[in-house]
2 protein chains.
Amino acid sequence: MSATPSRQESQESRDEILRAASRLFASRGFHEASMSEIARQARVSKALIFWHFKSKEELFVAVIKRLLEPFSIDFATEAQELDEREQLKRLIELYVQFVRDYTGSVRFFLTRLLRDDPEQQGPASFTEQIRVLYENYRNLMVDLIKRGQEKGVCSRRLDAETAATFLLSTLNGLLVDVLFLRTPEASFGNILATLESVVFTQAPTASADPGTGCANG
Amino acid sequence: MSATPSRQESQESRDEILRAASRLFASRGFHEASMSEIARQARVSKALIFWHFKSKEELFVAVIKRLLEPFSIDFATEAQELDEREQLKRLIELYVQFVRDYTGSVRFFLTRLLRDDPEQQGPASFTEQIRVLYENYRNLMVDLIKRGQEKGVCSRRLDAETAATFLLSTLNGLLVDVLFLRTPEASFGNILATLESVVFTQAPTASADPGTGCANG
DNA sequence: TAAATTACTGACCGTAAGGTTAGCGCAATC
DNA sequence: GATTGCGCTAACCTTACGGTCAGTAATTTA
């Protein structure tokens, strides 16, 4: 805990910088987050940042990498013995949980996604990375629904692709509501239940469920 | 079309500036859009911008006002003789259409919404304005659903508030999909149909509808 | 037609940004 | 125990920003 630099403290200062940078990039965006401010918050000199990372852009990329880490859920091995219904529920739960836990990062991602101008970007671009991640999650969902439909657990009213899009859209929308418009989360559970009533067939495993699924006039 | 300024050309140059500013603010955000670049694109001197608007912030506000104009839909008078079912459909259609027509503005709004940090803002803030607009739209929807439920046109499986949240969430999610992730719009129609099957009771006015609403096992 | 006003510009200013450089103190290597 | 190199900083450089100002040619007012 002294001012004597060592191999190990180098790593620590690097981390400190990444933490400060994450915070600032997330709350202000790339351009409004200044290197001086990052340095101040990380309690190091600005020059040290440029010693660790050769440009602001490189620092940014490092931050992104770090934020993206928790996304790599090894879902396949995590929830193998559950049936399709429960696996799907768990997948949705993971999504909601992730957004809750990493709200800052999600905001950050969305901001970047929104800003990056349409099309024409290298395949290694940030937008592309996120799209791939999202696609993977989505594919997992499509597979689950397909298998669920084969076993009669999922409704066939929509094909799996459409059902997944529907599911994800509503989840994303809920996310937008809470994140952007700051709607109270009151109706959240209710809505998830409705969602489930759309993708699943009638519940075999009973749970606290007020509505009985299908209303007619 | 000469270089002679006149009362009328003042208005024209002002418009030119607003157009350029809209474009740049939308594509780059507030901070990355520089006054010099706006001036260049509007083909006027930077000083003229400061003659029309006393600061960058003021220019920005003027741009916002302009972008917000098309939002004021006088829906009430537009679709009075339709029944609740058709009115709701029309309301959804308007939303989708708006997002399609003003994608740039919507991106812009979202970016702002995302950036403005949580809470603590004057009630006249931009975020607040948009939230009010959104609330109005939402209330319209809630009212329609309530009336629809009374007349048996809308399903009672969800209370009107929750149903509206559900509807809007999915719409927003679809929007995010198309806007952020650039998912093909293929499944769009299918999903809207599903949405309708959730909020409405069984269709009295028949249309091309493959699924029969309720599947069991 | 002289004075005042309007619409406009080029040159300029202070500030803050991203980035560089010269060099410091400490730790390990020989 | 001198030398090498790592971790780090203060001070500096260049560039681009938002914004100002003095001035000018045309138009309106008198």
Side-chain angles (χ1 to χ4, degrees), chain A residues 1-64 108 111-112 115-116 126, chain B residues 1-64 108 111-112 115-116 126:
Chain A
M1 57 168 68
S2 69
T4 64
S6 73
R7 262 92 246 232
Q8 193 194 325
E9 286 187 33
S10 170
Q11 189 54 44
E12 277 172 28
S13 74
R14 203 188 126 99
D15 274 15
E16 200 71 43
I17 290 166
L18 280 171
R19 263 194 298 275
S22 292
R23 228 180 306 132
L24 280 163
F25 281 141
S27 68
R28 304 194 187 169
F30 182 77
H31 287 269
E32 288 112 299
S34 80
M35 295 302 262
S36 307
E37 179 65 22
I38 292 170
R40 201 173 310 126
Q41 291 208 14
R43 272 165 310 172
V44 297
S45 71
K46 195 173 63 167
L48 181 59
I49 304 185
F50 285 96
W51 185 83
H52 279 298
F53 311 91
K54 75 174 199 286
S55 70
K56 189 182 185 183
E57 199 68 37
E58 196 185 291
L59 170 61
F60 180 75
V61 170
V63 166
I64 295 288
F108 184 38
T111 310
R112 284 300 290 190
R115 167 128 347 146
D116 287 349
F126 172 70
Chain B
M1 55 166 66
S2 70
T4 64
S6 72
R7 261 91 244 235
Q8 191 192 325
E9 286 186 34
S10 170
Q11 189 54 43
E12 277 170 29
S13 74
R14 203 188 128 97
D15 275 15
E16 199 72 42
I17 289 166
L18 280 171
R19 260 194 299 275
S22 292
R23 227 179 306 132
L24 280 163
F25 282 142
S27 68
R28 305 194 187 170
F30 182 77
H31 288 270
E32 289 113 296
S34 79
M35 296 302 262
S36 307
E37 180 65 22
I38 293 171
R40 201 173 309 126
Q41 291 208 13
R43 273 164 310 175
V44 297
S45 69
K46 195 173 61 167
L48 181 59
I49 304 185
F50 286 95
W51 184 83
H52 279 297
F53 311 91
K54 76 173 198 284
S55 69
K56 190 183 185 182
E57 199 68 37
E58 196 185 292
L59 170 62
F60 181 76
V61 170
V63 166
I64 296 288
F108 185 39
T111 309
R112 284 302 290 189
R115 163 126 353 142
D116 288 349
F126 172 69

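Since we're looking at a predicted model, the values are computed, not measured.
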Please tabulate, one pair per line, all N/O donor-acceptor pairs under 3.5 Å involving side-chain atoms of residues 47-55 of chain A, not counting sequence neighbours.
from: A/H52; atom 1: NE2; to: A/S13; atom 2: OG; distance (Å): 3.0
from: A/S55; atom 1: OG; to: A/E57; atom 2: N; distance (Å): 3.4
from: A/S55; atom 1: OG; to: A/E58; atom 2: N; distance (Å): 3.1

Shortest non-hydrogen contact from [X] toward [Y]:
X: A/I38; Y: A/L59; answer: CD1-CD2, 4.1 Å
X: B/S45; Y: B/A39; answer: C-CB, 3.9 Å
X: B/S36; Y: B/K46; answer: OG-CD, 3.6 Å

Review point. Does OP1 or OP2 of C/dG18 have a side-chain N or O of A/S55 closer than 4.0 Å?
Key: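 So the side chain of A/S55 is outside the cut-off, no N or O lying under 4.0 Å from OP1 or OP2 of C/dG18.
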
Check your understanding: Between A/H31 and C/dG18, is there a side-chain N or O to OP1/OP2 distance below 4.0 Å?
Key ->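 Answer no for this pair, as no side-chain N or O of A/H31 is under 4.0 Å from OP1 or OP2.
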
[X] has an atom [atom1]; how far is it from atom [atom2] of [N], in whole Å?
X: A/W51; N: C/dC24; atom1: CH2; atom2: P; value: 19 Å
X: A/I38; N: C/dA17; atom1: CD1; atom2: P; value: 11 Å
X: B/L48; N: D/dC21; atom1: CG; atom2: P; value: 17 Å
X: B/R40; N: D/dG18; atom1: CZ; atom2: P; value: 11 Å
X: A/F53; N: D/dC8; atom1: CZ; atom2: C1'; value: 15 Å
X: A/R14; N: D/dC6; atom1: CZ; atom2: P; value: 16 Å
X: A/M35; N: D/dC13; atom1: CE; atom2: P; value: 20 Å
X: B/L24; N: D/dA16; atom1: CG; atom2: C1'; value: 16 Å

Revision key, fill the gap. Reading nucleotides 11-16 of chain C from 5' to 3' and marking B where a protein heavy atom lies under 4.0 Å of the base, S where only the sugar-phosphate is that close, and - otherwise, the string is ------

Review point. Is any side-chain heavy atom of B/E32 less than 4.5 Å from a side-chain heavy atom of A/F30?
Key: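 With C-beta onward as the side chain, the pair stays apart.
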
Review point. Out of D/dG19, C/dT9, D/dC8, which has the shortest distance to the side chain of B/K56?
Key: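 Nearest to the side chain of B/K56 among the choices is D/dG19.
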
Review point. Between D/dT20, C/dA7, D/dT9, which nucleotide has the shortest distance from any of its atoms to the side chain of B/F50?
Key: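 Closest nucleotide among those given: D/dT20.
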
Practice item. Please identify each residue that fulfils side chain to side chain contact (heavy atoms under 4.5 Å, CB included) with A/E37, with sequence neighbours left out. Key: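 With sequence neighbours excluded, A/E37 shows a side chain to side chain contact (heavy atoms under 4.5 Å, CB included) to A/L24, A/R28, A/S34, A/R40, A/Q41, given in chain and number order.
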
**Study point:** Inter-residue atom distance B/K56.NZ - B/H31.NE2, 0.5 Å rounding
**Key:**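 Answer for the NZ-NE2 pair, B/K56 versus B/H31, is 6.5 Å.
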
Exercise for review: Scan B/A39 against the nucleic acid and name what it touches under 4.0 Å (heavy atoms): base, sugar-phosphate only, or nothing.
Suggested key: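 The residue B/A39 makes no contact with any strand.
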
